[in-house]
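Right, one structure below, let's go through it.
Hydrogens, waters and symmetry mates play no part in the numbers below; they use all other heavy atoms, side chains included.
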Amino acid sequence: MANDASTVFDLVILGGGSGGYAAALRGAQLGLDVALIEKNKLGGTCLHNGCIPTKALLHAGEIADQAREADQFGVLASFEGIDIKAVHKYKDDVISGLYKGLQGLVASRKVTYIEGEGRLSSPTSVDVNGRRVEGRHLLLATGSVPKSLPGLEIDGNRIISSDHALTLDRVPESAIILGGGVIGVEFASAWKSFGTDVTIVEGLKHLVPAEDENSSKLLERAFRKRGIKFNLGTFFQSAEYTDSGVKVTLADGKTFEAEVLLVAIGRGPVSAGLGYEEQGVAMDRGHVLVDEYMRTNVPTISAVGDLVPTLQLAHVGFAEGILVAERLAGLKTVPIDYDGVPRVTYCHPEVASVGITEAKAKEIYGADKVVALKYNLAGNGRSKILKTAGEIKLVQVKDGAVVGVHMVGDRMGEQVGEAQLIYNWEALPAEVAQLIHAHPTQNEALGEAHLALAGKPLHSHD
């Protein structure tokens, strides 16, 4: 293995996804000499196989729904179908523009970008393309891939992953989606908008089970209204090909048939065969274990993103990567409060939240110390105009701060910015109630909810 001893980087990053490239950009900005190694495309899962393409599909589905429902608004329009090639072109154009911009950013910060598959060769080096890249510190950011279940083979034909679903050359007539978490409900929403007959199979008792139970129930109600079917509380047992598609059997013997089966049970870390364990890095079921400053048990190695057992969100990867870069540059850093991270599921209607659920708050503070308030979007003028339904639910420690904001409704993801300030600044309901929210906006609903919680409701019943 050739060793380029003339260059020892301050930071060598293995993986160019959200966490890796954020660390590279911030590290270079702070004067570190950075090498970034990526085997596929800069931007990783989020840009090429996750956040960006799925939201593009969901927006195309939203346009389709608006065309179907235009007469509700006095607009004469007709829906003639989905041109999936044109949808993919739109999606790919969005990706391409962002990809070029990211490449330009990395080049402008003078990050040494190395394309190739890297592997740890020591606690301070990575081997890639026959070259040994040395660094004073290494950052592991190799991301994740779609998971499956034992005995369930994802073949890319009738049994597919989210990667396959993003490039499917047709709109399936029917689909079973295994998994009712974020990935599953987003594809269910997009495909239903495209005209697919969708059934979600979720082993737990609710869709989006990580969210507050009230949000789950509101989404389930909305999905029933849209004609999206789901089976909850029974786990998957097997899948087999039929003459025309796939048959899924559940543990209770119930069966479902469809043209395709989308396996959307989550994503697992990419760590096998990369030399992590050989270099003594502590692992758990493929994840790299880190402390609150993203340090592994090996002093010269840190890890971020989907590779570590934190929230699998691009913006979490950004924050973790920035934290590592700033720590290595000698800046004072603060551990991430993962409860304070905004979470958005971009189905129709959207589910957005920050902070903890009512159930979790009761566990922590005691049931008698927790106050919850629901504000129905029916009282919000802008939501009426948009014909969206849903609620904002606030969870408060009695006579104290708001510790959870949970929202369901179209465009609620755009309201989560203020919600994260409310949670992270430990705001009291009366403090938020003093702020004047523009009328008519959906953001106003967040203000109205706090007015009600502060004991002075305006457009809601006390």
Side-chain angles (χ1 to χ4, degrees), residues 181-182 204-221 233 290-293 308-313 315-316 319-320 323 333-345 350-377 379 390-409 412-413 415-435 437 443 445-458 460-462:
V182 173
L204 299 179
K205 64 179 183 178
H206 286 296
L207 297 179
V208 288
E211 295 291 341
D212 189 272
E213 188 172 319
N214 186 66
S215 295
S216 296
K217 289 178 177 178
L218 288 168
L219 181 62
E220 289 160 13
R221 184 188 307 164
V290 293
D291 67 8
E292 67 270 30
Y293 293 98
V308 303
T310 57
L311 291 171
Q312 290 187 334
L313 297 168
H315 44 288
V316 167
E320 291 173 345
L323 188 155
T333 54
V334 177
I336 295 166
D337 174 4
Y338 291 97
D339 287 335
V341 172
R343 305 170 295 272
V344 186
T345 304
E350 290 182 354
V351 181
S353 62
V354 67
I356 59 177
T357 65
E358 181 180 0
K360 185 68 174 176
K362 287 178 176 177
E363 279 180 33
I364 296 171
Y365 302 105
D368 60 331
K369 301 292 185 186
V370 174
V371 177
L373 178 135
K374 299 175 187 176
Y375 177 81
N376 196 307
L377 292 183
E391 285 180 357
I392 292 177
K393 177 179 176 179
L394 305 179
V395 180
Q396 177 199 13
V397 178
K398 194 173 183 180
D399 299 322
V402 173
V403 295
V405 181
H406 306 277
M407 304 180 284
V408 177
M412 285 297 108
Q415 312 312 321
V416 83
E418 183 181 0
Q420 78 160 322
L421 296 179
I422 291 166
Y423 170 84
N424 285 292
W425 287 349
E426 300 179 355
L428 301 175
E431 293 172 331
V432 182
Q434 290 182 85
L435 303 174
H437 293 75
N443 179 243
L446 200 52
E448 293 267 6
H450 284 84
L451 279 166
L453 193 54
K456 48 179 184 180
L458 186 58
S460 61
H461 297 289
D462 53 12

Minimum-distance pair of heavy atoms, taken over all atoms of Ala445 and Leu377: CB-CD2, 3.8 Å
Interatomic distance, His206 atom NE2 to Glu213 atom CD [nearest 0.5 angstrom]: 3.5 Å
For the student: nearest non-hydrogen atoms of Ala449 and Leu373, plus distance: O-CD2, 3.6 Å
Minimum heavy-atom distance Tyr423-Gly340, with the two atoms named: CE2-CA, 3.3 Å
Worked check of side-chain contact (heavy atoms from CB on, under 4.5 Å) between Leu313 and Val341: CA-CA 9 Å; Leu313 297 168; Val341 172; 4.0 Å; yes
From Leu218 atom CG to Lys374 atom NZ, the distance as rounded to the nearest 0.5 Å: 7.5 Å
Contact check, side chains of Val208 and Leu219, non-hydrogen atoms, under 4.5 Å: yes
Rounded distance [0.5 Å steps], CG in Leu451 versus NE2 in His437: 8.5 Å
All side-chain hydrogen bond (donor to acceptor under 3.5 Å, both in side chains) counterparts of Asn376, not counting sequence neighbours: none
Nearest heavy-atom neighbours spanning Met407 and Ser215: N-OG, 4.5 Å
Nearest non-hydrogen partners of Pro335 and Leu323, listed with the distance: CA-CD1, 4.2 Å
Straight-line distance of Leu435 CG to Ile422 CD1, nearest 0.5 Å: 8.0 Å
Asp291 atom CG: more than 12 heavy-atom contacts under 6.0 Å: yes
Under the side-chain hydrogen bond (donor to acceptor under 3.5 Å, both in side chains) test, residues paired with Gln420 that sit two or more places apart: none
Gap between atom CD of Glu320 and atom OH of Tyr338 - 0.5 Å precision: 3.5 Å
Exercise: do Glu358 and Asn214 side chains pair donor with acceptor under 3.5 Å: no
Rounded distance (nearest 0.5 Å) linking atom OH of Tyr375 with atom CG of Leu394: 11.5 Å
Report all side-chain donor-acceptor pairs from residues 350-357 shorter than 3.5 Å, counting only partners two or more places apart or in another chain.
residue : atom : partner : partner atom : Å
Glu350  : OE1  : Met412  : N            : 3.2
Glu350  : OE1  : Gly413  : N            : 2.8
Ser353  : OG   : Glu211  : OE1          : 2.7
Ser353  : OG   : Glu211  : OE2          : 3.4
Ser353  : OG   : Arg343  : NE           : 3.2
Ser353  : OG   : Arg343  : NH2          : 3.2
Thr357  : OG1  : Lys360  : N            : 3.0

Distance-minimising heavy-atom pair for Leu453 and Pro429: CD2-CG, 3.7 Å
Verdict with reasoning, Asn443 to Gln415, per side-chain contact (heavy atoms from CB on, under 4.5 Å): CA-CA 6 Å; Asn443 179 243; Gln415 312 312 321; 3.0 Å; yes
Val405 and Leu446: CA distance, side-chain angles, deciding distance, side-chain contact (heavy atoms from CB on, under 4.5 Å) verdict: CA-CA 9 Å; Val405 181; Leu446 200 52; 3.8 Å; yes
More than 12 heavy atoms of other groups within 6.0 Å of Glu426 CD: no
